[in-house]
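Have a look at the structure below, then the notes.
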Protein chains: 2
Amino acid sequence: MSLATETADKPTLYKRIRADIEKRILTGEWPPGHRIPFEHELVARYGCSRMTVNKALSELAQADLIERRRRAGSFVRRPQHQSAVLKIADIRAEITALGRAYGYELIHRKLRTATAADRDRLGVRKAGKVVAITCRHSADKVPFAIEDRLIDLSSVPDAATADFSREPPGSWLLHHVPWTEAEHTISAIVADDHTAAALAIAVGAPCLVIDRYTWRSARTITAVRLLYPGDSHRLVARFKGG
Amino acid sequence: MSLATETADKPTLYKRIRADIEKRILTGEWPPGHRIPFEHELVARYGCSRMTVNKALSELAQADLIERRRRAGSFVRRPQHQSAVLKIADIRAEITALGRAYGYELIHRKLRTATAADRDRLGVRKAGKVVAITCRHSADKVPFAIEDRLIDLSSVPDAATADFSREPPGSWLLHHVPWTEAEHTISAIVADDHTAAALAIAVGAPCLVIDRYTWRSARTITAVRLLYPGDSHRLVARFKGG
DNA sequence: TACGATTATATGTCTAGACATATAAGTCAA
DNA sequence: TTGACTTATATGTCTAGACATATAATCGTA
């Protein structure tokens, strides 16, 4: 006898409740600040138990679409200060996804005690061992990106013996180091002599720069700078309300 | 008599279960691909009902830390192909947050029937009215960014009469148009004569370019290109595992 | 009027069951 | 060996309750 059986219920009930509310928020019918019906009202409307509407509302709260306040009710949240999800694919995956042949070339690899510059770049105080790597990624034999990386061996001792002449350090780290946090800084530069030669572009051509600093629970793992020809590369970020 | 009462239970039970599992994944104790104990095993271990462990596991699945497969079990997921949350602050907020004086200047505003180029840029087929705006944002009187924007009036009719000589179109839209989806493309260029003059930089200097295309439920709202001096501006994206 | 105590209430969490459903694994025949 | 059928099982969803807890609203008092 519940409404659930009356309406088309291909998706599950809690999903339909969530979608219903989401739609009203997205269309602006329920603007930011608007109070969503109480759980017991939704229970009556959908003819289901409270746990079911609770699950729908909890997921909306987790997605930051609504805010739940005890005793007060649930409210539509103001659109989040512009934020976008930037998908930064593994370079190899990115290139093969474009249907192009991936090429990798190790240019330089050195194991050394961290210099002052290295420590600064990694954000560590005490001097330990590091690996410095420079390599080039290419698509169909055309230079695609130059990678300049520093790995902290006190965090990733295995990196000392890893063979980076075949496997890019990014892929290796992805498979050998569990979960991380990272911070990216994106900027633009013009190619100097050295960069231009490495990327096979003209001196003075624009380059997109991504500096990525990676750590796990307050422990530095790696710092990397990626240089892309600015006119050929595109970073795409998508965001969906909230 | 449940274990819940025996151990310190400051947070709630399902949160502790979730945290326990999350910790093992983050430390690498349970590597990607590892099968997490079945729900009924966790029920036995924590001495609670299945709904409680189900809630913990569901949230971990929503956070993409684990993958759940019917009949097979739940498995630790491989670190998500690099993804980062890019916070794109409103330019005014960004500048004032830096403790600098925000300046805004409308350079050009024109209401016109969409040209072929406009339609292409907005991704619409039929020709309607649009507003084209060029403006400049500055920090402490120094040019900070040039904004070149197109607003589709069939989606946002109010924009025809909005006063963009005082308020930047970005802020205006944020407050007048509900929830949106957007796609950003980030690239690098070198400044041509026109850009160099507008940003008060040298011709040939690097610029960071953000193209943002915004819509709501398949309806185009606005397309904007933001040009920043590449050496002074930094886009920061952070990501936390998954 | 302002402040402190009380109460009502919406959400937060949890239980002990139930049936649905996708699918890995085993079974058997061609 | 392969393919079709069956079965066991882990997750997915749902119910009808329960008590906990934060807090908005009310009421009483200084």
Side-chain angles (χ1 to χ4, degrees), chain A residues 1-22 24-25 30 33-77, chain B residues 1-22 24-25 30 33-77:
Chain A
M1 293 340 110
S2 71
L3 288 177
T5 57
E6 297 172 24
T7 53
D9 50 6
K10 285 166 294 183
T12 58
L13 179 52
Y14 94 88
K15 278 182 180 163
R16 274 195 304 120
I17 298 174
R18 177 158 67 73
D20 280 0
I21 296 169
E22 201 170 325
R24 290 189 212 242
I25 294 173
W30 288 349
H34 180 271
R35 210 209 74 224
I36 282 177
F38 294 129
E39 291 191 354
H40 68 259
E41 295 175 305
L42 292 170
V43 162
R45 173 175 324 181
Y46 289 95
C48 63
S49 81
R50 192 164 79 88
M51 277 300 279
T52 304
V53 309
N54 183 284
K55 182 162 185 173
L57 294 179
S58 293
E59 287 194 6
L60 288 169
Q62 241 186 300
D64 265 335
L65 268 164
I66 67 172
E67 188 189 345
R68 313 200 73 196
R69 291 207 296 273
R70 276 189 144 124
R71 168 67 210 249
S74 303
F75 301 83
V76 177
R77 279 185 66 119
Chain B
M1 297 343 111
S2 71
L3 288 178
T5 57
E6 296 172 25
T7 53
D9 50 5
K10 285 164 296 185
T12 58
L13 179 52
Y14 92 88
K15 278 182 180 162
R16 274 195 306 121
I17 298 174
R18 177 159 65 71
D20 280 0
I21 296 169
E22 201 169 325
R24 290 190 211 242
I25 295 174
W30 287 349
H34 181 269
R35 209 209 73 225
I36 282 177
F38 294 129
E39 291 191 354
H40 69 261
E41 294 174 308
L42 292 170
V43 161
R45 175 177 322 183
Y46 289 94
C48 62
S49 81
R50 192 164 79 90
M51 277 301 278
T52 303
V53 309
N54 184 285
K55 182 163 186 174
L57 294 179
S58 294
E59 288 194 5
L60 288 169
Q62 242 185 298
D64 266 334
L65 267 165
I66 67 171
E67 187 189 346
R68 314 200 72 197
R69 291 206 296 273
R70 277 189 146 130
R71 167 67 210 251
S74 302
F75 301 83
V76 177
R77 278 185 68 121

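Below, read A as the first sequence line, B as the second, and so on, with proteins coming before strands; counting in each chain starts at 1. The structure presented is a predicted model; accordingly, all values stated were derived computationally and were not measured. What's counted below: heavy atoms across the whole structure, side chains too, no hydrogens, waters or symmetry copies.
For Thr52(B) and dT15(C), the shortest distance from a side-chain N or O to OP1 or OP2 is below 4.0 Å. Residue Arg50(A) places no side-chain N or O under 4.0 Å from the OP1 or OP2 atom of dT15(D). Taking 4.0 angstrom as the limit, Lys15(A) places a side-chain polar atom (N or O) nearer than this to OP1 or OP2 of dT13(D). For dT13(D), the OP1/OP2 oxygens have a side-chain nitrogen or oxygen of Lys55(A) closer than 4.0 Å. For Arg70(A), no side-chain nitrogen or oxygen approaches OP1 or OP2 of dA24(D) to under 4.0 Å.
Residue Glu39(A) has its side chain nearest to dG12(C) when only dG12(C), dT13(D), dT15(D) are considered. In the set dA16(C), dC14(D), dA24(C), the nucleotide with an atom closest to the side chain of Tyr14(A) is dC14(D).
The CG atom of Leu13(A) sits 16 Å away from the P atom of dA20(C) (whole-angstrom rounding). Whole-Å rounding puts the Gln62(A) CD to dG12(C) P distance at 12 Å. Distance NE2 (His40(B)) to P (dG17(C)): 17 Å, rounded to an integer number of Å. Ile66(B) has its CD1 atom 13 Å from the C1' atom of dA10(D), to the nearest Å. Atom-to-atom, CG of Asn54(B) to C1' of dT13(C) comes out at 14 Å; the value is rounded to the nearest Å. When rounded to the nearest whole Å, the span between CZ of Phe38(B) and P of dA24(C) equals 12 Å. Arg68(B) places its CZ atom 18 Å from the P atom of dT9(D), with the value rounded to the nearest Å. A straight line from CD1 of Ile36(A) to P of dA10(C) spans 15 Å, rounded to a whole angstrom.
Two residues are said to be in side-chain contact when any heavy atoms from C-beta on lie closer than 4.5 Å; Cys48(A) and Val53(A) meet this criterion. Val43(A) has its side chain out of reach of Thr52(A): every pair of non-hydrogen atoms, C-beta onward, lies at least 4.5 Å apart.
A salt bridge is absent between Arg68(B) and Glu59(B): the closest approach of a Lys/Arg side-chain nitrogen to an acidic carboxylate oxygen does not fall below 4.0 angstrom. Note on Glu22(B) versus Arg18(B): salt bridge recorded, some NZ/NE/NH1/NH2 to OD/OE distance being below 4.0 Å.
Comparing Pro37(A) and Arg71(A) against DNA chain C, the residue whose closest nucleotide sits nearer the 5' end is Arg71(A). Each of Gly73(B) and Met51(A) was matched to the nucleotide of DNA chain D holding its nearest heavy atom; the match closer to the 5' end belongs to Gly73(B).
Contact annotation for Ser58(A): no contact, since no heavy-atom pair falls under 4.0 Å across all strands.
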Original post:
Checking side chain to side chain donor-acceptor pair (under 3.5 Å) for the pair Tyr46(A)/Asp20(A): CA distance, chi angles, key distance, verdict?
Top reply: CA-CA 11 Å; Tyr46(A) 289 95; Asp20(A) 280 0; 2.6 Å; yes
